[in-house]
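Just below is one structure, and these are the notes that go with it.
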Amino acid sequence: MIGSLLVANRGEVACRVFRTCRELGVRSVAVYADPDAEALHVREADVAVRLPGSAAADTYLRGEAVVRAALAAGADAVHPGYGFLSESAAFARAVLDAGLVWIGPPPAVIEAMASKTRAKRIMAEAGVPVLVAAEPPLIVKAAAGGGGRGMRVVRDLSLLDAEMASARAEAMAAFGDDEVFVEPYVEGGRHVEVQILADAHGAVRALGTRDCSLQRRHQKVIEEAPAPGLGAALEEELTGAAVAAARAVGYVGAGTVEFLVTAEGRPFFLEMNTRLQVEHPVTEAVYGVDLVALQIRVAEGVGLGSLRVPVASGHAVEARLYAEAPGAGWRPWVGVVRELSVGNGGFRVRPSTADDPRSRDPHPRQHALLQRVGGWEEARAEGAGYVRVDAGIAAGDTVTPYYDPLLAKVIAWAPTRPEAIRLLAHALERARIHGPVTNRDLLVRSLRHEEFSEAQMDTTFYERHLDSLTGPRDGVATAALAAAVADAQGRSRFGGWRNVPSQPQEKRYRSEPDGTEHMVRYRLTRGGLETDGDVRLLAATRTHVVLEAGGLRTGYDVAAYGDRVYVDGPSGAYAFTALPRFPGPAAPAEPGSLLAPMPGTVVRVADGVAEGCAVEAGQPLLWLEAMKMEHRIVSPSTGTLTALHAVPGRQVEVGSLLAVVEELTP
């Protein structure tokens, strides 16, 4: 029996594993890098061990340091989470060599599946269908990679060498292995995967399918279970192939076999993830199981044959809440999270009865049993839905540029797919998220998009719809007015909006993240609110404003943190930066200056790029790494590169001067 477990990871997944540890009575051990000293996963662990340094390469990716931490803390076992060292055979061997229990498949299995080229050969020999490279479009992939890193789509063969070089560089930086391979890029395909569970005695089970087609930069954004619209025959083919894949390598533990399903319904093996998946909660919700508990029990030697086979019920959808701006090239954001609450902040909440204390529904204590118990059975009997929040950050925490920008995962379960989608969209829309810019609006719009609601999506969803999903929003002007009125109440010495002097007021706000400026002009009088539009003020305090427009009464909650203002209403939330009425002179910038759009590290400069060289508009000049992703920085114009301040390895802040391009004049 495992008595103490170290999670070799951080953030949301560490918190997730610790939750199960508490339910099983297992002591939890965290590791942390210096920027994570006060992180949520550190606070939730029983004990924590410091890994000196900031960058992942110096901390969470140092296997020998993590093993030393486990031994120093008296841990019996190590759970790798996902990402970092979770698919490192060398790390798994180091854990076992130290006399610790490894919560995962045998190192030989990890090694066999770590290289996608080797994995494809094994799968082909086992009769699992695989893709074979042919004509463009092609996709370049990192053999040792995942999460979209080291991945490039090539539609022109003349660009293949350059894209492979770029993929190799990114793969080496991310995984320490620059091997890449090429396979056909399937247009209009769906990303469908199968959850597998295997014990050390040869038993293998498939726990249904998941659809993960909505992706940005080849990283998943919205996932659901079961994968909709497959049909019984295709679902049976997928689960059968997944079980065959697991048996072919002697798999043990929880894992995922990923497939690309063509528009014609033909499945092809992509990869096997020898770890827990980020999207595992949707399977847990549908089957009523605790996959982390099952991982632990399998590692303790328990066989699956003694456990009841689960029966899937209902539908679950998960959305990943990132600190990023989708409409600005998926730019990651950093900063302090002032508030982060979905539902009423519980692990699982029935929003329809959120005001009733009895509605708080803690995670079911299934331990290692494959069964639904407690609140799950109650909810299904009542036909109610659930919202579950798996977070790695809380109010007061800071999003740093060192790690992935994932804030939380929000999961909704309901008896049917339309109900689950509706519940999740509503929960996200009403969530209070004050701090860095997030992708929340994109998630809500994606869930309500006709293509998604009708299960007609594919992996190019965001390539085709990003502009419409990130376009201007309705209600911004009214929200800015609510912010201005609340600000007036906060500054008033007269105790109420009806007593505020009637002088004309002007406030300037910049909407975030699109940067659109709004000038609000109004006057508060004893007779009401006078504006350019037909809006009535019904009530106002410094934190809550009630407006009536077009006969509709709407309440807005307003929170201000310095010059940053957040307005939360029933149909969404808005973020503003309060601007001075008369803007001062802007800091002078040299013409052609190329400034860093985000904090990060310069990872490389394009070949042949140097001071004095000619450049074309849109030509890649250098790459910044921020929050586990590389961001391409291109020349703003055609001309001459007169200065290059970017040096590989240099850390830069937002606005740092990277280069200067002197524009070519006619």
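In this text, all values refer to a predicted model and were calculated from it rather than measured experimentally.
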Point-to-point distance, once rounded to the nearest 0.5 Å, from [atom1] of [X] to [atom2] of [Y]:
{"X": "Asp397", "Y": "Arg338", "atom1": "CG", "atom2": "CZ", "result": "12.0 Å"}
{"X": "Ser571", "Y": "His426", "atom1": "OG", "atom2": "NE2", "result": "11.5 Å"}
{"X": "Ile222", "Y": "His449", "atom1": "CD1", "atom2": "NE2", "result": "11.5 Å"}
{"X": "Leu423", "Y": "Ile411", "atom1": "CG", "atom2": "CD1", "result": "11.5 Å"}
{"X": "Phe452", "Y": "Ser446", "atom1": "CZ", "atom2": "OG", "result": "8.5 Å"}
{"X": "Leu424", "Y": "Leu443", "atom1": "CG", "atom2": "CG", "result": "8.0 Å"}

Does a salt bridge link [X] with [Y], judged by any charged N lying under 4.0 Å from a carboxylate O?
{"X": "Arg508", "Y": "Glu517", "result": "yes"}
{"X": "Asp487", "Y": "Arg542", "result": "no"}
{"X": "Asp458", "Y": "Arg464", "result": "yes"}
{"X": "Arg521", "Y": "Glu506", "result": "yes"}
{"X": "Asp390", "Y": "Arg19", "result": "yes"}
{"X": "Arg388", "Y": "Glu284", "result": "yes"}
{"X": "Glu38", "Y": "Arg43", "result": "no"}
{"X": "Arg210", "Y": "Glu318", "result": "no"}

What closest approach, in Å, do [X] and [Y] show between heavy atoms, and which atom pair accounts for it?
{"X": "Pro401", "Y": "Val334", "answer": "N-CG1, 3.7 Å"}
{"X": "Ala480", "Y": "Tyr509", "answer": "O-CE1, 3.7 Å"}
{"X": "Ala414", "Y": "Ala420", "answer": "CB-N, 3.4 Å"}
{"X": "Ala325", "Y": "Trp333", "answer": "CB-NE1, 3.4 Å"}
{"X": "Ala483", "Y": "Val558", "answer": "CA-CG1, 4.2 Å"}
{"X": "Thr438", "Y": "Pro326", "answer": "O-CD, 4.4 Å"}

Is there a donor-acceptor contact under 3.5 Å linking the side chains of [X] and [Y]?
{"X": "Asp568", "Y": "His434", "result": "yes"}
{"X": "Thr20", "Y": "Asp290", "result": "yes"}
{"X": "Tyr462", "Y": "Asp467", "result": "no"}
{"X": "Glu512", "Y": "Thr577", "result": "yes"}
{"X": "Glu279", "Y": "Tyr82", "result": "no"}
{"X": "Arg650", "Y": "His645", "result": "no"}

Side chains of [X] and [Y]: closer than 4.5 Å at any heavy-atom pair?
{"X": "Val535", "Y": "Leu481", "value": "yes"}
{"X": "Ile633", "Y": "Leu624", "value": "yes"}
{"X": "His191", "Y": "Gln215", "value": "yes"}
{"X": "Leu291", "Y": "His280", "value": "yes"}
{"X": "Lys409", "Y": "Val278", "value": "yes"}
{"X": "Leu594", "Y": "Leu657", "value": "no"}
{"X": "Glu339", "Y": "Ile433", "value": "no"}
{"X": "Arg16", "Y": "Val292", "value": "yes"}

Q: Start with the C-alpha distance between Leu547 and Arg536, add both sets of side-chain angles, then the distance that settles side chain to side chain contact (heavy atoms under 4.5 Å, CB included), and finish with yes or no.
A: CA-CA 6 Å; Leu547 301 174; Arg536 292 181 58 211; over 6 Å; no

Q) Only one of Arg445, Arg422, Arg448 forms a salt bridge (charged side-chain N to carboxylate O under 4.0 Å, His left out) with Glu429, so which one is it? A) Arg448

Q) Checking side chain to side chain donor-acceptor pair (under 3.5 Å) for the pair Ser453/Glu450: CA distance, chi angles, key distance, verdict? A) CA-CA 5 Å; Ser453 63; Glu450 182 179 18; over 6 Å; no

(Q) For a salt bridge (charged side-chain N to carboxylate O under 4.0 Å, His left out) check, start with the C-alpha distance between Arg22 and Asp46, then their side-chain angles and the critical distance, and finish with the verdict. (A) CA-CA 10 Å; Arg22 287 193 294 271; Asp46 292 322; over 6 Å; no

Q: Would you sort out whether Tyr566 and Phe576 count as a ring-ring contact (aromatic ring centres under 6.0 Å, His included), showing the intermediate values?
A: CA-CA 6 Å; Tyr566 300 88; Phe576 300 99; 9.1 Å; no

(Q) Evaluate Leu466 against Arg216 for side chain to side chain contact (heavy atoms under 4.5 Å, CB included), listing each step before the verdict. (A) CA-CA 10 Å; Leu466 186 61; Arg216 57 96 161 106; over 6 Å; no

Q) Is the centre of the Tyr60 ring less than 6.0 Å from the centre of the Tyr403 ring? A) yes

Q.
Taking the six-membered ring for Trp, are Tyr574 and Tyr556 closer than 6.0 Å centroid to centroid?
A. no

**Q.** Within 45° cone of Tyr322 ring axis and under 6.0 Å: Arg217 NZ or CZ
**A.** no

Q: Verify, without hydrogens or angle tests, whether Arg440 (side chain) and Ala431 (backbone) share a donor-acceptor contact under 3.5 angstrom.
A: yes

(Q) Within a 6.0 Å radius of atom CZ on Arg553, are there more than 12 heavy atoms belonging to other residues, nucleotides or ligands? (A) no

Q: Check the pair Asp211 / Met457 against side chain to side chain contact (heavy atoms under 4.5 Å, CB included), numbers first and verdict last.
A: CA-CA 10 Å; Asp211 188 289; Met457 64 285 182; 3.7 Å; yes

Q: Take Leu340 and Ile393, measure what side chain to side chain contact (heavy atoms under 4.5 Å, CB included) needs, and give me the verdict at the end.
A: CA-CA 8 Å; Leu340 176 60; Ile393 203 162; 3.6 Å; yes

